[in-house]
Amino acid sequence: MIIGLTGGIGSGKTAAANRFAAEHGIHVVDADLKSRVVVEPGKPALSHIVDRFGDAILLEDGNLNRAALRERVFAEPQERQWLEQLLHPLIREEIMTDLQSARSPYALLVSPLLVESGQNTLTKRIIVVDVPEAMQLARTVQRDAVPEAQVRAIMQAQAQREERLRHAHDVLTNDSDLAALHAQVDALHQRYLKLLESQA
């Protein structure tokens with residue numbers, strides 16, 4: 001069984017996923033990490049990006065300057081669309097390969113764009129890490145040291161909170177401390193094991 005885990009930027013997806021992996025041995029596939037793999041030096045996607053945006057989009061070591069690219073594509077919606085059309089199929093391929101190697105009772109697909117990218121079609125259930133938008137904004141500005149306007153643009157590009165929750169089978173409310181989030185993850189894990197038992 002593949003379970004999707006999603007939530008807006010700064011919601012705490014990574015903290016939740018880390019608990020599933022570290023405490024319960026669940027195989028986690030992170031779409032964000034896959035999105036880095038497909039643009040590594042030597043990969044065709046990086047050449048396409050450089051052709052379109054120029055060498056200024058690269059760091060001195062030849063790696064993609066993700067911050068510069070993010071700034072460009074979130075300022076120009078048509079550029080973001082172009083980038084998504086290039087990367088989403090490649091990321092999906094990487095995800096599929098990794099999910100097929102899972103040996104845990106179920107696997108977790110962590111993706112901020114689970115619904116928007118159609119990756120939710122790979123999953124049986126969806127967990128949404130939910131947090132008030134003001135908290136999301138404050139956490140991200142503090143964590144990434146980026147301007148509030150840029151975080152707002154990213155939030156606009158992601159599914160709205162109500163939209164995400166509409167797709168959720170399970171919700172992790174992350175408006176308290178880490179211990180509270182961990183307790184919810186542990187309870188969900190037990191529930192999934194029971195669910196798998198009943199399906200066996």
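In this text the structure is predicted, and so the values were computed from the model without any measurement. Because only heavy atoms are used, hydrogens play no part in the values below, and waters and symmetry mates are left out as well, while side chains stay in.
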- [ ] Give a yes or no on whether the backbone of Met1 and the side-chain of Lys124 come within a donor-acceptor separation of less than 3.5 Å.
- [x] no
Open item on the list: Given 3.5 Å as the limit, does a donor-acceptor pair link the side chain of Glu23 with the main chain of Asp186, or not?
Closed with: no
Task: Val110 and Thr14, any side-chain heavy atoms less than 4.5 Å apart - done: no
Task: hydrophobic_cluster_shared for Val28 and Val129, side chain cutoff 4.5 Å - done: yes
- [ ] Working to the nearest 0.5 Å, report the span between NE2 of His88 and CD1 of Ile95.
- [x] 9.0 Å
Task: Minimal non-hydrogen separation, Arg139 against Gly10, with atom names - done: CD-O, 3.3 Å
Open item on the list: Please tell me whether Leu114 and Val29 are part of a single hydrophobic cluster in this structure, the criterion being side-chain heavy atoms less than 4.5 Å apart.
Closed with: yes
Open item on the list: If I take atom CD1 from residue Ile3 and atom CG from residue Leu5, how far apart are they, to the nearest 0.5 angstrom?
Closed with: 9.5 Å
Open item on the list: With side-chain contact (heavy atoms from CB on, under 4.5 Å) as the criterion, how do Leu188 and Arg19 come out once you've worked through the C-alpha distance, each side chain's angles and the decisive distance to 0.1 Å?
Closed with: CA-CA 11 Å; Leu188 260 189; Arg19 180 68 174 185; over 6 Å; no
Task: Gln142, CD: over 12 other non-hydrogen atoms inside 6.0 angstrom - done: no
Task: Residue Glu76 excluded, over 12 heavy atoms near CD under 6.0 Å - done: yes
Task: Atom of Leu181, atom of Ala16 and distance for their closest heavy-atom approach - done: CD2-N, 3.9 Å
Open item on the list: Hydrophobic cluster membership, with links at side-chain heavy-atom distances under 4.5 Å among I/L/V/M/F/W/Y: are Leu122 and Tyr106 in one?
Closed with: no
Open item on the list: For a side-chain contact (heavy atoms from CB on, under 4.5 Å) check, start with the C-alpha distance between Asp144 and Gln150, then their side-chain angles and the critical distance, and finish with the verdict.
Closed with: CA-CA 11 Å; Asp144 298 348; Gln150 196 181 329; over 6 Å; no
Open item on the list: Looking at every non-hydrogen atom in both residues, tell me the closest pair between Arg70 and Ile154 and how far apart they are.
Closed with: CD-CD1, 3.5 Å
Open item on the list: Would you call the rings of His24 and His189 parallel, tilted or perpendicular, taking 30° and 60° as the class edges?
Closed with: parallel
Task: Least distance between heavy atoms, Leu64 atom then Ile57 atom - done: CD1-O, 3.6 Å
- [ ] Could you pull out the closest heavy-atom pair between Asn174 and Gly12, with the gap in Å?
- [x] ND2-CA, 3.6 Å
Open item on the list: Would a single hydrophobic cluster contain both Val128 and Met135, if residues Ile, Leu, Val, Met, Phe, Trp and Tyr are joined by side-chain heavy-atom contacts under 4.5 Å?
Closed with: no
- [ ] Look at atom CG of Asp55 and say whether more than 12 heavy atoms of other residues, nucleotides or ligands are closer to it than 6.0 Å.
- [x] no
Open item on the list: If hydrophobic clusters are built by linking Ile, Leu, Val, Met, Phe, Trp and Tyr wherever their side-chain heavy atoms come under 4.5 Å apart, do Leu109 and Val115 end up in the same one?
Closed with: no
Task: Exam field: side chain Thr123 to backbone Ile2, donor-acceptor pair closer than 3.5 Å - done: no
TODO: To the nearest 0.5 angstrom, please state how far the CG atom of Asp130 sits from the CD atom of Gln136.
DONE: 8.5 Å
TODO: Measure the CD1-CG distance between Ile26 and Asn18 for me, rounded to the nearest 0.5 Å.
DONE: 13.5 Å
Task: Stepwise side-chain contact (heavy atoms from CB on, under 4.5 Å) check, Leu137 with Glu133 - done: CA-CA 6 Å; Leu137 190 63; Glu133 284 173 3; over 6 Å; no
Please table the atom pairs, donor to acceptor, closer than 3.5 Å between any side-chain atom in residues 32-45 and protein atoms at least two apart or in another chain.
{"residue": "Lys34", "atom": "NZ", "partner": "Asp98", "partner atom": "OD2", "Å": "2.9"}
{"residue": "Ser35", "atom": "OG", "partner": "Asp32", "partner atom": "O", "Å": "2.5"}
{"residue": "Lys43", "atom": "NZ", "partner": "Val37", "partner atom": "O", "Å": "3.3"}

Open item on the list: So does Val131 get a backbone contact from the side chain of Ser11, meaning a donor-acceptor N/O pair under 3.5 Å?
Closed with: no
Task: Distance (rounded to the nearest 0.5 Å) between His182 NE2 and Phe20 CZ - done: 10.5 Å
Task: Salt bridge present between Glu163 and Arg166 (N-O < 4.0 angstrom) - done: yes
Task: Residue among Leu108, Thr6, Val185 satisfying side chain to side chain contact (heavy atoms under 4.5 Å, CB included) with Ile127 - done: Leu108
Task: Taking every non-hydrogen atom, the tightest pair across Leu86 and Pro89 - done: O-CD, 3.7 Å
TODO: Would you give the length of the straight line joining atom CD of Glu94 to atom CG of Leu87, rounded to the nearest 0.5 angstrom?
DONE: 11.5 Å
Open item on the list: Would you say Arg92 and Thr121 are linked by a side-chain donor-acceptor pair, where the criterion is simply a distance under 3.5 Å?
Closed with: yes
